[in-house]
Amino acid sequence: MKILVTGAAGFIGSNFMYYELENHPEDEYVALDLLTYAGNLKNLDGLKDKKNFKFVKMDIRDRENIFKLFEEEKFDLVVNFAAESHVDRSIEDPELFLRTNIIGTSVLMDACLKYGVNRYHQVSTDEVYGDLPLDRTDLFFTENTPLHTSSPYSSSKASADLLVNAYHRTFGLATTISRCSNNYGPYQFPEKLIPLMINNARHDKSLPVYGEGLNVRDWLHVYDHCSGIDLVMRKGKIGEVYNIGGHNERQNIDVVKTILKSLDKPESLITYVTDRKGHDLRYAIDPTKIETELGWKPKYNFESGIKETIKWYIDNQEWMDDVTSGEYQKYYDNMYSNR
Ligand code: NAD
Ligand code: DAU
């Protein structure tokens with residue numbers, strides 16, 4: 001099979017490329033990315049000598065060039081990771097999220113229809129379900145939970161999901177959607193909680209916890225997300241949605257304290273800052289469908305996964321220094337100074 005992976009130089013996309021080339025060396029891959037601030041070609045360094053791998057710098061909104069690429073390459077399957085992915089940035093600039101996450105998705109699906117691609121997989125998120133109350137730990141997101149978004153980011157992802165369903169029903173495109181909870185692991189850009197806190201702690205900088213740090217996220221190692229996507233895009237039922245999550249709910253403050261403890265840094269580095277606008281309280285995935293229908297099982301639990309992840313960032317300080325130079329400092333000051 002020839003597979004197009006969009007957003008392949010980002011956090012999950014690059015981990016997915018390693019997963020695929022390791023587990024399906026018989027397939028051929030085109031890795032596409034616009035290389036925005038979040039995309040980093042160095043993430044794919046380990047793959048550049050592989051004969052069945054090639055990188056293309058392109059914008060998924062660029063209809064003309066996307067169509068040309070599809071005409072030339074004749075893909076069998078498209079998996080779309082490309083997105084603006086950070087909630088805080090979506091609060092600053094919603095329109096960019098609508099353009100990339102919604103229009104970009106429609107361009108890719110139009111190309112699939114025009115050039116006869118048999119299968120389209122959309123990488124979505126549990127944030128499309130909104131949030132759950134903190135005091136109802138008996139409640140989980142299932143695939144039937146209504147869409148009920150909070151941020152421009154989650155609204156743009158939910159819109160894209162609705163479009164995917166429309167292309168399936170109206171045009172007969174063979175689609176699947178996966179909705180995963182919060183990922184952690186190597187190559188995550190340090191605007192997101194875990195790498196940001198590791199980096200700040202390493203430099204003895206304060207750790208900015210939003211509100212009281214009581215919000216709950218359901219953490220899944222990126223490897224397990226990749227194995228879930230791989231199963232859904234190859235074996236999932238056409239037209240269906242699959243949730244991916246491993247029952248690893250943690251309060252933010254506990255995650256931050258775990259990081260400090262493991263780096264042997266004091267809790268006095270924690271600073272409570274103004275809360276995120278519209279901050280979702282709790283995410284929690286029910287993964288029964290992917291487990292029972294496709295036999296998916298996560299490999300990591302949070303305790304071993306977070307230890308391995310902290311070690312990766314410490315061992316790869318050069319990667320962190322590289323992505324936090326230049327523009328990142330401006331972003332950090334804009335987002336956190338006077339907060
Ligand atoms: P990321 O921000 O690290 O990576 C996104 C990638 O998309 C970057 O490499 C960026 O350069 C690329 N990109 C952005 N705009 C583009 C465009 N117009 N054309 C081509 N490429 C473009 O994000 P991530 O955390 O790796 O997330 C990947 C996908 O998974 C997203 O769709 C996100 O919504 C979804 N998701 C993320 C999580 C998570 O916890 N990070 C959880 C569930 C779902
Ligand atoms: O649930 C899946 C989603 O998880 C993905 O769809 C998103 O792309 C991904 O960014 C992530 O969204 P969150 O908003 O949950 O992740 P983030 O790392 O930004 O924040 C995690 C929690 O930590 C959240 O409750 C906000 C809090 N936080 C975050 C940052 C960056 C802080 O307290 N301080 C911070 O500095």
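Just so you know, these numbers come straight off a predicted model, no measurement behind them. Read the numbers this way: they start at 1 and go in the same order the structure lists the ligands and their atoms.
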Next item on the list: Only heavy atoms count here, so choose which of Q188, E191, R276, R217 is nearest to atom 17 (P) of ligand 2.
Entry: R276

Item checked: Separation of Y19 OH from D224 CG (nearest 0.5 Å) -> 9.0 Å

Margin query: I need the atoms of ligand 2 closer than 4.0 Å to a non-hydrogen atom of V209, numbered in the order shown.
Written below: 33 (O)

Check: So is there a nitrogen or oxygen of T125 less than 3.5 Å from a nitrogen or oxygen in ligand 2?
Finding: yes

Next item on the list: Decide whether the shortest distance between a heavy atom of M58 and an atom of ligand 1 is less than 4.0 Å.
Entry: yes

Next item on the list: Run the numbers for me: atoms of ligand 2, each under 4.0 Å from some heavy atom of K192, listed by number.
Entry: 10 (O), 18 (O)

Margin query: Please list the nearest protein heavy atom to atom 21 (N) of ligand 1 with its residue and the distance rounded to 0.1 Å.
Written below: L34 N, 3.1 Å

Notebook entry, point to check: Under a 4.5 Å cut-off applied to non-hydrogen side-chain atoms, are Y29 and H24 in contact?
Noted result: yes

Next item on the list: Below 4.0 angstrom from a heavy atom of T36, which ligand 1 atoms are there? Numbered from 1 as shown, please.
Entry: 10 (C), 11 (O), 14 (C), 15 (N)

Item checked: Side-chain heavy atoms of K42 within contact of D322, under 4.5 Å -> yes

Checklist line | Min heavy-atom dist Y184 to ligand 1 below 4.0 Å | finding: no

Margin query: Counting non-hydrogen protein atoms only, what is the nearest one to atom 24 (C) of ligand 2? Give residue, atom name and distance.
Written below: H279 NE2, 3.4 Å

Notebook entry, point to check: Numbering the atoms of ligand 1 from 1, which are under 4.0 Å from a heavy atom of G10?
Noted result: 3 (O), 4 (O), 8 (C), 9 (O)

Next item on the list: Give the residue and atom name of whichever protein heavy atom lies nearest to atom 33 (O) of ligand 2, and the separation in Å to one decimal.
Entry: Y210 N, 2.8 Å

Next item on the list: Please confirm whether N182 comes within less than 3.5 Å of ligand 2 when only nitrogen or oxygen atoms on both sides are compared.
Entry: yes

Notebook entry, point to check: Backbone or side chain, does any N or O of I12 fall under 3.5 Å from an N or O of ligand 1?
Noted result: yes

Item checked: Lys/Arg cation over aromatic F141: R282, 6.0 Å, 45° cone -> no

Notebook entry, point to check: When you look for heavy atoms under 4.0 Å from ligand 2, do you find them on the side chain of E127, its backbone, both, or neither?
Noted result: side chain

Checklist line | For Y336, atoms of ligand 2 separated by under 4.0 Å from a heavy atom | finding: 30 (C), 31 (C), 35 (C), 36 (O)

Next item on the list: Tell me, please: is K157 in heavy-atom contact with ligand 2, that is, under 4.0 Å?
Entry: no

Item checked: Nearest-contact summary for atom 44 (C) of ligand 1 - protein heavy atom, Å -> S124 O, 3.1 Å

Note to self: Pairs of nitrogen or oxygen atoms closer than 3.5 Å, one from N183 and one from ligand 1: do any exist?
What the structure shows: yes

Next item on the list: Could you list which atoms of ligand 2 come closer than 4.0 Å to a heavy atom of Y153?
Entry: 5 (C), 6 (O), 7 (C), 8 (O)

Note to self: Whether the Y129 and N243 side chains hold a donor-acceptor pair (N or O, under 3.5 Å, no angle test) is what I'd like checked.
What the structure shows: yes

Check: What is the closest protein heavy atom to atom 2 (O) of ligand 1, and at what distance does it sit?
Finding: S85 OG, 2.7 Å

Margin query: Need the ligand 2 atom indices (1-based, order shown) with element for anything under 4.0 Å from a heavy-atom of Y283.
Written below: 1 (O), 15 (O)

Note to self: Are more than 12 heavy atoms, taken from residues, nucleotides or ligands other than D315, located less than 6.0 Å from that residue's CG atom?
What the structure shows: yes

Margin query: Within the 4.5 Å heavy-atom criterion, are R119 and T176 side-chain neighbours or not?
Written below: yes

Notebook entry, point to check: With ring centroids as reference points, do H221 and F302 lie under 6.0 angstrom apart?
Noted result: no

Margin query: Rounded at 0.5 Å granularity, tell me how far NZ in K265 sits from CG in N200.
Written below: 11.5 Å

Check: Counting each atom of ligand 1 from 1 as listed, which ones have a heavy atom of K157 under 4.0 Å away?
Finding: 31 (C), 32 (O), 33 (C), 34 (O)

Checklist line | atom 3 (O) of ligand 1 - nearest protein heavy atom and its distance | finding: F11 N, 3.1 Å

Next item on the list: Give the atoms of ligand 1, by number and element, whose distance to some non-hydrogen atom of D59 is under 4.0 Å.
Entry: 17 (C), 18 (N), 19 (N)

Margin query: Side chain or backbone, does C180 bring an N or O within less than 3.5 Å of an N or O on ligand 1?
Written below: no

Next item on the list: Take every heavy atom of G104, measure it against each atom of ligand 1, and state whether any distance is under 4.0 Å.
Entry: no

Note to self: Is it the case that over 12 heavy atoms from other parts of the model lie below 6.0 angstrom from the CD atom of E318?
What the structure shows: no

Check: Is there a heavy atom of T6 sitting under 4.0 angstrom from any atom of ligand 1?
Finding: no

Check: Which ligand 1 atoms does N182 reach within 4.0 Å, using its non-hydrogen atoms?
Finding: 40 (O)

Item checked: Heavy atoms from other residues, nucleotides or ligands near NZ of K297 exceed 12 (cutoff 6.0 Å) -> no

Margin query: Taking D27 first and then K2, would you say they form a salt bridge - that is, a charged N and a carboxylate O separated by under 4.0 Å?
Written below: no

Next item on the list: State, without any angle test, whether S181 and D126 hold a side-chain donor-acceptor pair at a distance under 3.5 Å.
Entry: no

Check: What atoms in ligand 1 come closer than 4.0 Å to a heavy atom of L35?
Finding: 11 (O)

Check: Nearest non-hydrogen atom to atom 14 (C) of ligand 1 belongs to which of S181, G7, A83, A82?
Finding: A83

Next item on the list: Examine the proximity of ligand 1 to T100 and report which part, side chain or backbone, both or neither, has a heavy atom under 4.0 Å away.
Entry: side chain

Check: Is it the case that R276 places NZ or CZ above or below the six-membered ring of Y210, under 6.0 angstrom from the centre and within 45 degrees of the axis?
Finding: no

Item checked: Distance-only N or O hit between ligand 2 and P208, under 3.5 Å -> yes

Item checked: NZ/NE/NH1/NH2 to OD/OE distance under 4.0 Å, E20 and R234 -> yes

Check: Is the cationic atom of K205 (NZ for Lys, CZ for Arg) positioned less than 6.0 Å from the six-membered ring centroid of Y332 and within 45 degrees of its normal?
Finding: yes

Notebook entry, point to check: Should the proximity of H86 to ligand 1, defined as any heavy atom under 4.0 Å, be assigned to the side chain, the backbone, both, or neither?
Noted result: neither

Checklist line | Heavy atom of F189, distance to ligand 1 below 4.0 Å | finding: no

Checklist line | Y153 contact mode with ligand 1 (heavy-atom cut-off under 4.0 Å) | finding: side chain

Check: For atom 9 (O) of ligand 1, what's the nearest protein heavy atom and its distance?
Finding: D33 OD2, 2.6 Å

Notebook entry, point to check: atom 2 (C) of ligand 2: which of L196, D126, N252, D280 has the nearest heavy atom?
Noted result: D126

Check: Does a salt bridge link K330 with E327, judged by any charged N lying under 4.0 Å from a carboxylate O?
Finding: yes

Check: Is E84 close to ligand 1, meaning an N/O of one under 3.5 Å from an N/O of the other?
Finding: no

Next item on the list: Using a 4.0 Å heavy-atom threshold (strictly under), name the region of L193 that reaches ligand 2: side chain, backbone, both or neither.
Entry: both

Next item on the list: Would you please say whether a donor-acceptor pair under 3.5 Å links the side chains of Y184 and R217?
Entry: no

Note to self: Tell me whether E212 at atom CD has more than 12 heavy atoms from other residues, nucleotides or ligands lying less than 6.0 Å away.
What the structure shows: no

Note to self: So if I apply the ring pair (Phe, Tyr, Trp, His ring centres under 6.0 Å) rule between Y187 and each of Y313, W312, Y223, which one comes out positive?
What the structure shows: W312

Next item on the list: Please identify which atoms of ligand 2 are closer than 4.0 Å to at least one heavy atom of H86.
Entry: 19 (O)

Check: Is W319 linked to Y328 within one hydrophobic cluster, defined over Ile, Leu, Val, Met, Phe, Trp and Tyr using a side-chain heavy-atom separation of less than 4.5 Å?
Finding: yes

Note to self: Please report whether the ring centroid of F70 lies less than 6.0 Å from that of F75.
What the structure shows: yes

Item checked: Identity and separation of the nearest protein heavy atom to atom 31 (C) of ligand 1 -> F81 O, 3.3 Å

